[in-house]
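Bear in mind that the values here come from a model prediction, so they are computed numbers and not experimental data.
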Amino acid sequence: QVQVVESGGGSVQPGGSLRLSCAVSGFNLDYYAIGWFRQAPGTEREREGVSCMNNEDGNTDYIDSVKGRFAISRDSATNTVYLQMTDLKAEDTAAYFCAVGLPFSPCALIAKRYDAWGQGTQVTVSS
């Protein structure tokens, strides 16, 4: 019933921009935290938390390496969360995943605190 679908990935040059979308169906996001995570190609380590948002109070958080460059936002009318990515760097190359946490949970950049995951969208930054 619950579906999380990411889109918007692609290939860009360093300094470029992308906007990722996360469309959620099956439940309303009003009472959930939602996060963006990433995993570099060829790695099996735990996904790195990039950004999150608590949809009840609007609190957000970002990993240090993307602060000032990425911005998370929500469109409540379409139940969609966005990750605006600017000044992209080669080290941002990864598969990006959207995930939804448990009801009334706070914003946290910890993958194991999220329950429903999308399949990922690839972001490649290269010259």
- request: In sequence, state the C-alpha distance, the side-chain angles, and the governing distance for F70 and L83, and then conclude on side-chain contact (heavy atoms from CB on, under 4.5 Å).
  value: CA-CA 7 Å; F70 292 7; L83 184 67; 4.2 Å; yes
query: Do E48 side-chain atoms and R38 backbone N/O form a donor-acceptor pair below 3.5 Å?
result: no
- request: Give, for atom CG of D75 and atom CG of L29, the distance between the pair rounded to the nearest 0.5 Å.
  value: 11.0 Å
task: Treat each ILVMFWY residue as a node, draw an edge where side-chain heavy atoms are under 4.5 Å apart, and state whether V100 and I110 are in one component.
output: no
task: Answer with yes or no after comparing the ring centroid distance for F97 and F37 against a 6.0 Å cut-off, counting only values under it.
output: no
statement: Rounded to the nearest 0.5 Å, the OH atom of Y82 sits from the CE atom of M53 at a distance of 12.0 Å
task: Verify the neighbour count for atom CD of Q119: are there more than 12 heavy atoms of other residues, nucleotides or ligands below 6.0 Å?
output: no
- prompt: Does CD in Q122 sit with more than 12 non-hydrogen atoms of other residues, nucleotides or ligands closer than 6.0 Å?
  reply: yes
statement: Residue set satisfying side chain to side chain donor-acceptor pair (under 3.5 Å) with Q39, at least two apart, ordered chain then number -> none
message: Under a 4.0 Å threshold between the charged nitrogen and the carboxylate oxygen, would K67 count as salt-bridged to D64?
response: yes
message: Is there a side-chain contact between P14 and S127 in this structure, where contact means two heavy atoms from C-beta onward sitting under 4.5 Å apart?
response: yes
message: Please give me the minimum heavy-atom distance between A33 and P106, naming the atom from each residue.
response: CB-O, 3.6 Å
message: Suppose we screen for side chain to side chain donor-acceptor pair (under 3.5 Å). Which residues come up paired with R19, at least two apart in sequence or across chains?
response: none
- prompt: Are S51 and T60 close enough, and set up right, to give a side-chain contact (heavy atoms from CB on, under 4.5 Å), and what steps lead you there?
  reply: CA-CA 7 Å; S51 181; T60 61; 5.5 Å; no
By side chain to side chain donor-acceptor pair (under 3.5 Å) - contacts of R74 (at least two apart): D30
query: Once you round to the nearest 0.5 Å, how far does OH of Y96 lie from OG1 of T121?
result: 10.5 Å
- prompt: Do Y32 and P103 have side-chain heavy atoms sitting under 4.5 Å apart?
  reply: yes
- prompt: Any sub-3.5 Å donor-acceptor pair from Y31's side-chain atoms to S105's backbone N or O?
  reply: no
query: Taking all atoms of both residues into account, what is the closest heavy-atom pair of P41 and A94, and its distance?
result: CD-CA, 4.2 Å
message: On the six-membered ring of W117, is R47 placed so that its NZ or CZ lies under 6.0 angstrom from the centre and within 45° of the ring axis?
response: yes
- prompt: Is the shortest heavy-atom distance from the side chain of V50 to the side chain of L109 under 4.5 Å?
  reply: no
message: To the closest 0.5 Å, what do you measure between CG (N54) and CD1 (I34)?
response: 11.5 Å
message: Do T80 and C22 have side chains that approach each other closer than 4.5 Å (heavy atoms only, starting at C-beta)?
response: no
query: Do any N or O atoms from the side chain of N79 and from the backbone of S76 form a donor-acceptor pair under 3.5 angstrom?
result: no
message: Measuring from atom CD of E6 to atom OG of S21, what distance do you get when rounded to the nearest 0.5 angstrom?
response: 10.5 Å
message: Could you work out, with side-chain contact (heavy atoms from CB on, under 4.5 Å) as the rule, every residue matching V12, not counting sequence neighbours?
response: L18, L88, V125
statement: Rounded to the nearest 0.5 angstrom, the CG-OG distance for D92 and S65 is 7.0 Å
query: Checking side-chain contact (heavy atoms from CB on, under 4.5 Å) for the pair Q3/V24: CA distance, chi angles, key distance, verdict?
result: CA-CA 6 Å; Q3 289 188 311; V24 180; over 6 Å; no
message: As a quick check of understanding, evaluate side-chain contact (heavy atoms from CB on, under 4.5 Å) for T93 and V123, giving each step before the final call.
response: CA-CA 5 Å; T93 295; V123 172; 5.9 Å; no
- request: Check side-chain contact (heavy atoms from CB on, under 4.5 Å) between T86 and all other residues, then give those that pass, not counting sequence neighbours.
  value: S17, R69
task: With sequence neighbours excluded, tell me which residues meet side chain to side chain donor-acceptor pair (under 3.5 Å) with Y114.
output: none
